[in-house]
Every structure is written in structure tokens, then in C-alpha cells.
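Report on the following structure.
Letters go in sequence order (proteins before strands), and every chain restarts at 1. What's counted below: heavy atoms across the whole structure, side chains too, no hydrogens, waters or symmetry copies.
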2 protein chains.
Amino acid sequence: MTLKELAARANVHPSTISRVANNDPGLRIATATRSRIEALLRDTGYQPNGIARGLKMRQTNVLAVVIPDVTNPFFAALFRGVEDAAAPRGFNVLLCNTDGLPERQRSHLQSLQARRVDGVIIASSFLKDPSVRELRRQKGPYVLVNRFSDEGEDPFVGSDDLLGGQLATAHLIGLGHTRIAHLAGKSTVSTGMLRRRGYLAAHSAAGLAADPDLIVEAGYTEESGASGIRRLLSLADPPTAVFAVTDMVAIGAAEVARQRGFRIPEDLALVGYNDIPLASRVNPGLTTMHVPIHEFGSVAARLLLDQIESDEPTRRRVRFTPDLIVRESTVAGATRTQRSARPSVSAE
Amino acid sequence: MTLKELAARANVHPSTISRVANNDPGLRIATATRSRIEALLRDTGYQPNGIARGLKMRQTNVLAVVIPDVTNPFFAALFRGVEDAAAPRGFNVLLCNTDGLPERQRSHLQSLQARRVDGVIIASSFLKDPSVRELRRQKGPYVLVNRFSDEGEDPFVGSDDLLGGQLATAHLIGLGHTRIAHLAGKSTVSTGMLRRRGYLAAHSAAGLAADPDLIVEAGYTEESGASGIRRLLSLADPPTAVFAVTDMVAIGAAEVARQRGFRIPEDLALVGYNDIPLASRVNPGLTTMHVPIHEFGSVAARLLLDQIESDEPTRRRVRFTPDLIVRESTVAGATRTQRSARPSVSAE
DNA sequence: TAGGCTAGCGCAATCGTTTGTTCATCGGCA
DNA sequence: TGCCGATGAACAAACGATTGCGCTAGCCTA
């Protein structure tokens with residue numbers, strides 16, 4: 001059903017229908033005509049063609065979220081945050097999985113540009129990232145989430161990863177551990193780099209020397225946590241504690257450690273990062289740095305939508321302060337503490 | 001960068017650029033002109049405006065997936081299946097979460113129709129579903145996944161839920177249980193209805209009477225599993241085994257049961273459905289009916305894409321045979337059996 | 001040398017909306 | 001009666017691409 005067909009039925013010009021349907025302010029129209037058209041609109045259940053409208057208006061009302069893998073609970077929650085903020089404002093959201101492959105990221109972004117999406121939220125960026133450079137070059141609004149890129153000043157939503165790494169490690173040090181390993185993320189990714197630096201900073205602050213052998217660059221998957229911990233446990237002088245760059249990595253490590261007969265936390269204490277729902281459900285419960293994942297998404301979406309509606313780019317960077325949640329993976333019989341619900345946001 | 005601008009630069013008509021860019025077969029063009037245009041295309045990195053093209057071609061190359069909640073690992077995996085099949089064929093995928101609310105489903109579908117997506121995959125349908133009726137009425141291709149609607153013959157991909165419910169229950173009966181409860185899904189949803197009927201059928205087949213008090217209609221979330229098991233455990237004569245309609249429900253139930261001091265499987269045996277990744281990770285490992293979740297998505301996508309490309313609707317219904325995976329939640333110290341990898345598909 | 005064929009492009013309609021502008025009609029007023 | 005200002009609605013130009021068809025050279029043939 002098009003405007004033209006409706007116009008034929010109502011014996012008016014298509015533009016008249018359009019104005020009535022859009023409730024054009026300052027529209028002068030005879031009451032009779034108006035009600036005739038409105039009745040027709042109801043009867044036919046007319047839905048304007050979004051494509052045609054998009055072409056004319058230069059706005060598609062579509063956002064895109066680019067992540068490594070929605071199968072990872074962290075990114076699933078992030079996406080929900082985006083959609084929950086976008087849907088009420090009339091936007092639909094495309095989801096693109098990259099599996100961490102730059103090439104897939106590039107091709108997705110290219111496809112998104114061709115589709116003229118109104119904005120892009122990208123949670124799979126690298127510190128040096130050609131795709132992000134491309135985003136900067138184009139005029140379209142975008143927001144980086146969780147990971148940032150250090151080649152420019154991009155709108156960003158994430159956690160204070162340096163502090164998070166520090167707090168997590170300090171917790172282990174506070175428990176008396178001295179040989180603390182780090183299942184690190186890639187140093188090409190901001191979270192990987194910063195959490196590692198936090199890990200090192202905590203050592204310095206405590207006057208402890210960090211053993212380079214205890215840092216293994218794993219990745220962000222469960223499997224990488226598993227293979228990482230294997231290397232650590234076969235060391236001559238294995239660690240008594242591990243700080244993993246994410247909860248998924250920690251969970252992968254815990255599984256292997258348990259298979260090898262290590263008791264957690266007695267033989268091996270374990271801290272993760274992100275506090276995904278799974279973290280409180282595994283056995284033993286995983287001590288981790290809580291970050292508001294859903295809010296990452298919703299705040300990023302708001303940043304994006306504000307840019308779209310105001311038609312001017314932003315440089316806002318929102319950084320949430322992570323919160324240590326102590327569970328049984330570091331302290332046997334830890335009370336399942338509710339975390340302090342302080343807002344703890346720092347925006348620039 | 002538009003065709004018109006390029007045309008001005010190359011001193012040709014826009015249509016000529018279009019034909020070169022699209023590699024129009026049967027295009028007769030001077031080699032000089034062609035290479036001039038091709039060079040221009042490379043230099044400018046021209047990307048045709050997908051909106052304009054969509055308007056002209058009446059095809060957007062966008063699919064939509066409608067699910068209750070991507071935070072549920074089952075649906076996340078399903079979505080990956082869809083995207084993995086759609087992306088290589090040049091399609092992007094919109095994700096819509098309904099939270100199981102018919103109203104949100106309706107409004108999402110309406111929005112998708114306005115956007116003229118090329119096809120819809122819906123995994124949140126009810127047995128009687130106005131939204132699905134609407135999908136049938138419209139010309140556009142669609143596929144139902146996991147849940148079907150019984151008011152018509154729709155293209156469908158899912159598992160044989162009746163058989164699955166039967167096998168799961170028969171497993172518990174085979175272990176000697178006689179008081180077997182069912183944490184049931186909504187009877188307004190096909191999976192809920194069918195798995196329940198399977199549960200009953202298994203009882204009949206074994207000559208066992210199913211106690212109506214042992215069936216509680218919970219829902220599909222972890223919380224509903226938790227509240228459901230509470231009711232069951234406070235019964236005068238509580239069950240010794242439970243068949244839960246999904247893994248998430250089973251996991252919610254297990255958590256509560258453990259808190260109340262029930263040992264699994266000694267005091268309470270537990271079977272789930274779907275074999276989500278989480279099922280093998282919880283402690284104790286969850287016995288469950290394995291279904292190929294990722295394939296649900298990819299097969300559904302293929303069904304959809306074939307409809308789109310052939311431009312004719314299909315009535316194919318693909319039903320996978322579920323496979324019992326025995327873990328520690330029913331058999332203490334169960335070997336972590338690899339399931340038989342038989343194809344077990346029945347299509348109509 | 002005139003007519004026809006063909007290679008190589010340009011023309012213009014079309015997809016369905018939106019929106020600035022123009023046009024016709026009518027009532028009021030002088 | 002003649003003019004003017006509203007009022008109500010039509011006109012038409014975009015938006016950026018695709019595509020059937022028409023047009024103009026040049027060359028070959030008779």
C-alpha cells in the first residue's frame with residue numbers, strides 16, 4: 001500500500017496523505033478531508049515504506065552493534081543494553097559478530113556503511129585499528145564500548161581497566177599471595193593492556209616483584225584460559241593465585257585446574273573480570289570485578305542517539321569504576337556480598 | 001559519493017557508472033571508458049547507497065531475528081547460527097528481544113515490516129499467535145524456529161519435542177524413579193505443550209500414573225525454575241526427580257534445591273532440555289536433551305534465504321531428533337559421554 | 001554514395017516519500 | 001462589481017540507484 005494508491009482512493013494528492021499521516025504542523029486542511037484520510041489510514045493500516053522514507057530523510061533509524069561473539073554472555077548483556085535504550089526511541093539494531101577477526105570486522109563495517117546505518121557501536125576494537133580509523137574518517141556517529149583505540153579521541157563507554165586490574169591484584173596480594181599469575185588479554189587490545197598494567201602496578205605498590213614468567217598472554221575465550229593455565233601449572237614454581245583478564249578466561253582456567261586436582265581457592269585463588277551472570281553461578285563462585293555491562297550498552301546507545309538527534313559529534317568518554325566482588329574462588333566460604341551500589345561514574 | 005558525482009567526474013552518464021559497477025552482463029563498452037570508470041571506482045572507494053538500491057530493487061538484504069532474550073544462551077547460539085549462514089550471502093541481521101511479551105513482539109514485527117526486511121525468523125511464537133497470523137497474511141517470507149504455531153502450516157525448524165519429553169522422562173523412569181515432577185513450560189507455547197505431553201506419554205508407556213500435583217507450569221527463565229521447585233519441594237510427598245522444560249529452568253531449580261540441602265542426583269535427579277553450553281559446566285553437570293542449537297539458526301536462515309532468492313514460499317518443516325546426554329545430575333559419576341553424532345533429521 | 005548494421009552511450013522512467021511552492025477557489029470588503 | 005487575502009489542496013522536485021530503450025556515430029556493403 002503506497003501513498004499513491006491511498007491518494008487515488010481518497011481523491012487527493014499523495015502529498016496530502018503524507019501530511020496527514022505525519023501530522024504535519026501548520027497544515028491547513030478541511031476537517032472533512034482530514035477525517036476521510038484518517039479513516040482510510042486506519043482501515044488500510046498504512047505503514048509508510050521505511051526505505052523510501054530513509055532515502056528521502058537520510059535517516060534509517062537503524063543502529064549497529066559490532067562485537068566479537070554474542071555467545072559470550074558479556075556481549076549478549078551489552079547488546080541488551082543497547083536495544084533496551086534504542087527500541088523506545090524507534091531504532092532497530094543490527095548485530096554483527098566478528099569472532100575477533102579484523103577482516104570480518106572490516107567487512108561488516110563496510111556493509112554497514114553501505115546500508116547507511118545511523119550509528120555504530122563497536123566493542124571489538126583494537127588499540128591500533130584500521131576499522132576505527134575508517135569510522136573516524138567517515139562522518140557517521142559511532143561509540144566505542146569496553147575497548148578503546150588509542151590513535152584518537154573517540155566517544156567511549158567502558159570501565160577503568162587500569163584501576164580494575166590493580167584492585168583485583170591487590171585483593172590477591174592482600175590475601176597473602178606472592179606468586180600471582182596473570183592470564184592476560186592481548187596487548188593489542190585496550191582491556192588487555194590496561195588490566196595487565198594494573199596487575200603490574202599493584203605489584204609495585206606492594207613492593208612485590210612481578211615474575212614475567214607468570215604472565216601468559218591468553219586471549220578472551222574459555223579455551224584460551226584453559227590452555228593458559230596449563231602452561232602456568234606446569235611451571236617449576238607454579239603460582240598460588242591467578243588474575244584472569246575476563247570471567248570467561250577465569251572459568252576456562254578453573255575447569256582445567258580442578259581437573260588437575262587443584263582445589264580453589266586453597267591451592268589456587270582465582271579472580272576474573274566483568275562479573276558476568278555466570279560468575280556467580282559457577283562452583284566455586286568467581287571473585288571478579290563488577291562492571292555494569294547492561295549500562296555499557298544503554299549508555300553507549302544514548303551517546304549515539306544523542307549524536308544522531310543533535311546532528312553533532314561528541315567526544316564524551318564515560319568510564320565506570322569497577323567494583324571488587326569477593327566470592328569463593330578467592331576466599332573460602334565468602335559471604336555472597338552484595339556490592340556497594342554507588343554510582344561511581346567518571347565522565348569527561 | 002553518488003553515481004551522479006562520479007558521472008560528472010568521468011564525463012559519462014550515471015547509468016554507465018552503474019552498469020560498470022554492477023558488472024552488467026551484456027554491457028558493450030569501450031575498453032578505455034571502462035578502465036577510466038573502474039579506476040574512478042577504486043580511487044573513490046564508491047559504495048552504492050543501499051537505501052536507494054533497496055528502494056529500486058525492492059530488496060534490503062536484511063533479515064530479522066525475533067527472540068525472547070539474547071541473554072539466554074540458547075537464543076544467543078541460535079542467533080549465531082543465523083548470522084553465520086546469512087553473512088556469507090550478503091545479509092545483515094537485525095535482532096529483536098521480546099522478553100516473551102506479545103505486545104513487544106507485535107510492535108517489533110510492525111517495525112520490521114515498515115523497514116521492509118527481506119525475511120523474519122521468529123523464535124518467540126505462541127501456539128495461538130496474532131503476530132504469526134499477521135506474518136502469514138503478509139507476503140514476506142518467514143520461518144518459525146524452536147516454537148511453532150498450530151493455527152497454520154508454517155515453515156519451521158526445531159526439535160521433536162514430544163519425543164524429547166518422552167526420552168527425558170523415560171530416562172528418569174529407567175533409573176527407578178516413580179515420583180517424577182515436571183517443571184513445565186507454558187501450555188500456550190508449543191515446546192511447553194509438547195514436552196509435557198511427552199512427559200505424560202512416558203508415564204503411560206511405563207504403566208505409571210502421573211501425579212497432577214507434580215506438574216507445575218513455570219515458564220522459561222531461571223527464576224521460574226527456582227520458584228517452581230520451591231513449590232515442589234514443599235509438597236507433603238515431594239518428587240525424587242524432575243524433568244525441566246529447559247536447561248535454564250533446570251539450573252534455576254538446581255540452585256534452590258542445593259540451597260535447601262538436597263543432593264543432586266542422590267536426593268533429586270534433574271533433567272533439562274536443549275544442552276546449552278552452560279549445561280555441561282554447572283556442577284553437577286546437567287543431564288539434558290541435546291538439540292543442535294546453532295543449526296536451528298543456520299537451517300532457518302537457509303530456508304529463509306532460499307525463499308527470498310527463489311521468490312516462492314516454502315512449507316518445509318525441519319525437525320531434529322533430540323539426543324539424551326547423561327551427566328551427573330541424574331547419574332552420579334556419569335561418564336561425560338559424547339553424544340552420538342548421528343544426523344537424525346526429519347524434514348517434510 | 002546511400003542505406004543499414006552495430007558498438008557505445010545517453011535518456012528518462014521508476015521505486016515511495018517528503019516538502020517548498022504554486023494554484024484555484026471563495027468570502028469579504030470597498 | 002472588482003480586488004485581495006485566506007484557505008485548501010495540487011504540483012513537482014528532490015533522495016540515489018537500476019534498466020529498457022533510443023540515439024548517434026562509424027563502418028561495411030551494395
Exercise. Going from CZ on B:R34 to CG on B:L41, what distance comes out if it is rounded to the nearest 0.5 angstrom?
Worked result: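 Answer for the CZ-CG pair, B:R34 versus B:L41, is 10.5 Å.
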
Problem set entry | Residues, nucleotides or ligands: over 12 heavy atoms within 6.0 Å of B:K128 NZ |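 Enclosed.
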
Exercise. What is the 5' to 3' range of DNA chain C, first to last nucleotide, that sits under 4.0 Å from any heavy atom of chain B?
Worked result: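 Span of nucleotides near chain B: C:dA7 to C:dG16.
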
Exercise. DNA chain C: B:A30 or B:A52, which has the more 5' nearest nucleotide?
Worked result: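 Taking each residue's closest nucleotide, the earlier one in sequence belongs to B:A30.
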
Problem set entry | Along DNA chain C (nearest heavy atom to each residue), the more 5'-positioned of B:M57 and B:T31 |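 It is B:T31, whose closest nucleotide lies nearer the 5' terminus.
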
What's the [atom1]-[atom2] distance between [X] and [N], to the nearest Å?
X: B:I51; N: D:dT18; atom1: CD1; atom2: C1'; answer: 16 Å
X: B:L6; N: D:dA17; atom1: CG; atom2: C1'; answer: 12 Å
X: B:I37; N: D:dA17; atom1: CD1; atom2: P; answer: 14 Å
X: B:R28; N: D:dG20; atom1: CZ; atom2: P; answer: 14 Å
X: B:Q47; N: D:dG16; atom1: CD; atom2: C1'; answer: 14 Å
X: A:R19; N: D:dT7; atom1: CZ; atom2: P; answer: 16 Å
X: B:D24; N: D:dA17; atom1: CG; atom2: P; answer: 16 Å
X: A:L3; N: D:dA14; atom1: CG; atom2: P; answer: 19 Å

Problem set entry | Side-chain ion pair, A:R89 and A:D306, N-O less than 4.0 Å |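 Yes, this pair counts.
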
Exercise. Does any donor atom in the side chain of A:N92 or B:S111 lie under 3.5 Å from an acceptor atom in the other side chain?
Worked result: yes

For this session: Applying salt bridge (charged side-chain N to carboxylate O under 4.0 Å, His left out), run through B:R315 and B:D154 and close with a yes or a no.
Result: CA-CA 6 Å; B:R315 289 207 158 184; B:D154 309 291; over 6 Å; no

Scan [X] against the nucleic acid and name what it touches under 4.0 Å (heavy atoms): base, sugar-phosphate only, or nothing.
X: A:S18; answer: base
X: B:S15; answer: base
X: B:T33; answer: sugar-phosphate

For this session: Please determine, for the side chain of B:K4, which listed nucleotide (D:dA17, D:dC21, D:dC15) has the closest atom?
Result: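 So the side chain of B:K4 is nearest to D:dC15.
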
Problem set entry | Residue A:H13, side-chain atoms from C-beta onward, closest of D:dA9, D:dA12, D:dC15 | D:dA12

Exercise. For D:dT18, does OP1 or OP2 lie under 4.0 Å from any side-chain N or O of B:R53?
Worked result: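 True: B:R53 side-chain N/O within range (under 4.0 Å) of D:dT18 OP1/OP2.
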
Problem set entry | Phosphate OP1/OP2 of D:dC15 contacted by B:N49 side-chain N/O (<4.0 Å) | no

Exercise. Is a side-chain donor or acceptor of A:T60 paired with a backbone partner of A:R116 at a separation under 3.5 angstrom?
Worked result: yes

Exercise. If only atom types and distance count, is the side chain of B:R80 paired as donor or acceptor with the main-chain N or O of B:G297 below 3.5 Å?
Worked result: no

Problem set entry | 5′-ward residue of the pair A:R58/A:N11 relative to DNA chain D |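 Going by which nucleotide is closer to the 5' end, it is A:N11.
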
For this session: Compute both the distance and the angle, then confirm whether A:R9 meets the cation-pi test with A:Y46: under 6.0 Å from the six-membered ring centre, within 45 degrees of the axis.
Result: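 A:R9 over A:Y46 ring: no.
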
